[in-house]
Amino acid sequence: MERSSRPFGYGNGLRTLSIATVIAIAVTLSLVFFYAPLEAEQGFLQKIFYVHVPLAIVALCGFVLGGLLAIQHLRTRDPRWDMRSYVVIHMSLIFAVGTLITGSIWAKGSWGHWWVWSEPTLVSFLIIFLLYATYQPLRFAIEDPERQARYASVFAITAGAFVPLNFLAVRLSTEYLHPRVLGSTSNLPGSMALTFLVSLGSMSLLFTTLCKYELTAKHTRSQLRALRRRLSGEHADAPRARSAVPAIQHVAAASTRASVRSVP
Amino acid sequence: MVATILSETPALPLHTAGKYVAGAYIVLFAIVLIYVAIMAIRLSRIERDLGELLSISERTGTGGPHTNPAGEQAGAGTERQDQQPESTLA
């Protein structure tokens with residue numbers, strides 16, 4: 001009985017993950033400020049590298065992951081995959097905002113300008129951000145939950161494929177003005193590379209923890225809504241108010257449909 | 001003890017770059033802090049909704065596992081709870 005009231009266990013391991021994230025971030029900050037040496041050219045300003053670049057990498061990987069989860073949703077028609085894709089893209093957008101702000105601060109300190117339009121890496125990241133900024137309005141524009149989930153998945157797959165293509169195009173065409181990370185990590189001194197990798201790991205942990213929090217909160221809300229409907233005598237399939245958030249109260253019905261479809 | 005640790009740690013060469021580095025790290029913390037604040041608001045809303053649902057279930061008598069399907073009052077169901085604890089576990 002207890003198990004059936006928490007069928008997906010989104011909240012499982014959340015406490016451990018939260019503690020691990022806090023410890024990882026504390027270790028990262030210690031390494032950044034007290035272990036990693038000062039860079040010869042930029043000096044103390046280069047410390048922004050340890051927050052800006054991991055934020056950008058995690059955000060871009062999150063967008064791609066959102067696309068992969070959307071593929072899974074289209075394959076199975078299970079709304080849980082749509083919810084995961086939605087949450088991952090939502091969180092990646094927040095990380096992308098952080099990337100843009102920290103990047104602007106770094107640009108101001110390094111180049112004297114908040115934004116440089118001639119820099120392809122900056123502009124391409126902004127394009128990706130603006131592309132994904134249309135994801136939520138797209139969802140909100142479609143009232144029917146199933147159609148909304150399907151269209152959003154198609155968008156997530158297309159945009160997710162655009163991210164690595166865009167990254168490659170920029171790398172091939174750039175004049176190498178922007179600090180290169182993936183190509184030059186081997187050129188970093190060992191202490192800098194270690195700090196960077198730890199920072200990347202802690203950002204990934206933070207991303208995972210926040211996604212799990214979001215999934216747990218959304219699932220709890222949807223369970224509460226379902227319970228309210230049941231208590232007020234409303235039918236479970238009654239139309240819900242328009243929302244950009246995926247409808248997962250129909251999970252049981254959709255899972256049944258998916259299993260019936262998979263039977264030959 | 002804190003003073004000893006601080007005296008042992010190397011001084012950070014802040015110079016003019018200090019404000020930019022501080023700004024970048026504050027942005028990260030602000031994002032996390034805003035998120036935690038939003039989660040706290042959501043949690044309080046969930047708590048309020050749960051309270052409402054609990055009061056609705058008490059009024060209608062449909063919430064507990066001891067409710068009689070024939071429409072028995074919640075109070076009567078509570079009495080049964082004391083009498084038949086084994087049947088609810090089964």
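Naming: A, B, ... by sequence-line order, numbering from 1 per chain.
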Could you grab the distance from atom CG of B:L43 to atom OH of A:Y213, nearest 0.5 Å is fine? 10.0 Å
CG of B:L50 to CD of A:Q223, rounded to nearest 0.5 Å, is 10.0 Å
Would you please name every residue forming a ring-ring contact (aromatic ring centres under 6.0 Å, His included) with A:F129, sequence neighbours left out? none
Just by distance, do the side chain of B:Y20 and the backbone of A:S110 share a donor-acceptor pair under 3.5 Å? no
Backbone N or O of A:L210 within a donor-acceptor pair of the B:Y35 side chain at under 3.5 Å? yes
Contacting region of B:V36 [heavy-atom separation from chain A under 4.5 Å]: neither
Would you please go through residues 93-105 of chain A and name the residues with a non-hydrogen atom below 4.5 Å from one of chain B, in numerical order? A:I94, A:G98, A:I101, A:T102, A:I105
For residues A:M203 and B:L28, determine if any side-chain heavy atom of one lies less than 4.5 Å from a side-chain heavy atom of the other. yes
Please look at A:Q46 and chain B and tell me whether the side chain, the backbone, both or neither of the residue comes under 4.5 angstrom of a heavy atom of that chain. neither
According to ring-ring contact (aromatic ring centres under 6.0 Å, His included), who are the partners of A:Y135, at least two apart in sequence or on a separate chain? A:F155
Got a second to check how far B:R42's CZ is from A:E214's CD, nearest 0.5 Å? 4.0 Å
Taking every non-hydrogen pair under 4.5 Å, which of B:I46, B:I26, B:I31 racks up the most with chain A? B:I46
Measure the spacing between CG of B:L53 and CG of A:L227 and express it to the nearest 0.5 Å. 5.0 Å
Any non-hydrogen side-chain atom of B:V21 less than 4.5 Å from a side-chain atom of A:F33? yes
B:E52: which residues meet the side chain to side chain donor-acceptor pair (under 3.5 Å) condition with it, sequence neighbours left out? A:R228
